[in-house]
Amino acid sequence: MYIAIFTALITVGGLVSVPVPFTQVQLSFQTVFVIMAGLVLGGRDGAFSVLVYLAMGLLGLPVFTQGGGLGYVTMPSFGYLIGFPIGAFVAGALRYKLKTSVRGKVFLCALVGMIPVYIFGVTYQVLILYYYTGSAWAAAIGSVAGVAILMLKDAVLLGCASSLYPSINRAMPHVTHDRLVRRTEKHSSKQ
């Protein structure tokens, strides 16, 4: 059920976007929900919720920011979608390895989870613009300048989400790792 909830949140986060004037950048809440899926559900389930979202989009459902279908792989922004499940997995795995609910550490886990998203996103964007659309390197690199805006937006939103993490952790007791560890420790001590 929680995987489906985060798949829906990722979808809605991508559909609600605001264009940045004078750039090709669309600001959305999608990346925050991707990373939060990893933080809340864990690396494996967080990545799975993103993979369900990707499958829906590639099968033709218009869940991506600019539609859906297999043709979406030729879009310069598709690299970010490739990085999403990896980012969710990294954020979730790191958060559970640290076994922390401290806001600052959760924020750090979220930022580390963003690294693969941007590595795949920027690399794919430059390659598609250069090789597929035939843009010159200057145009390809120039389009990446908007990434700074995206990174700032994601850092601010992840900071807000990290502040909410302890509340989310308490609201979802059947899913979060902290509760599972405590329940397992309590069960082990009774035996």
So F107 and L39, do their side chains get closer than 4.5 Å, heavy atoms only? no
Do T31 and F84 touch side chain to side chain, with heavy atoms closer than 4.5 Å?
yes
Are V90 and Y80 connected, step by step, through hydrophobic side chains (Ile, Leu, Val, Met, Phe, Trp, Tyr) whose heavy atoms are closer than 4.5 Å?
yes
Q. If you draw a 6.0 Å radius around OH in Y72, do more than 12 non-hydrogen atoms from other residues or ligands fall strictly inside?
A. yes
Determine whether I119 and L111 fall in the same hydrophobic cluster, where Ile, Leu, Val, Met, Phe, Trp and Tyr are linked whenever their side-chain heavy atoms lie under 4.5 Å apart. no
Find out if a path of hydrophobic residues (ILVMFWY) with successive side-chain heavy-atom gaps under 4.5 Å connects L54 to F89. no
- Message: I'd like to check T7 versus M56 (side-chain heavy atoms, cut-off strictly below 4.5 Å). Are they in contact?
- Response: yes
Open item on the list: Can you classify the ring geometry of F64 versus Y53 as parallel (below 30°), tilted (30 to 60°) or perpendicular (above 60°)?
Closed with: perpendicular
Please determine whether residues L15 and F33 belong to a single hydrophobic cluster, defined as Ile, Leu, Val, Met, Phe, Trp and Tyr linked transitively by side-chain heavy-atom distances below 4.5 Å. no
Would you indicate whether the side-chain heavy atoms of S49 and I10 approach each other to under 4.5 Å?
yes
Nearest heavy-atom approach of A88 to V50 is CB-CG2, 4.1 Å
Quiz prompt | Side-chain touch D45/Y2, heavy atoms, less than 4.5 angstrom | solution = no
- Can you find a heavy atom in the side chain of F120 that is under 4.5 Å from one in the side chain of I86? yes
In this structure, CD of Q30 is separated from CG of L9 (nearest 0.5 Å) by 11.5 Å
Under a 4.5 Å cut-off applied to non-hydrogen side-chain atoms, are L127 and Y124 in contact?
-> no
Note to self: Is the shortest side-chain heavy-atom distance between V73 and L58 below 4.5 Å?
What the structure shows: yes
Heavy-atom closest pair (P116 atom, G87 atom, distance to 0.1 Å) is CG-CA, 3.9 Å
d(L41 CG, R95 CZ) to nearest 0.5 Å is 11.0 Å
Are I115 and V126 connected in a single hydrophobic cluster, I mean Ile/Leu/Val/Met/Phe/Trp/Tyr linked by side-chain heavy atoms less than 4.5 Å apart? no
dist L98:CG -> L108:CG (nearest 0.5 Å) comes out at 8.0 Å
Heavy atoms of V117 and G83 approach each other most closely as CG2-O, 3.4 Å
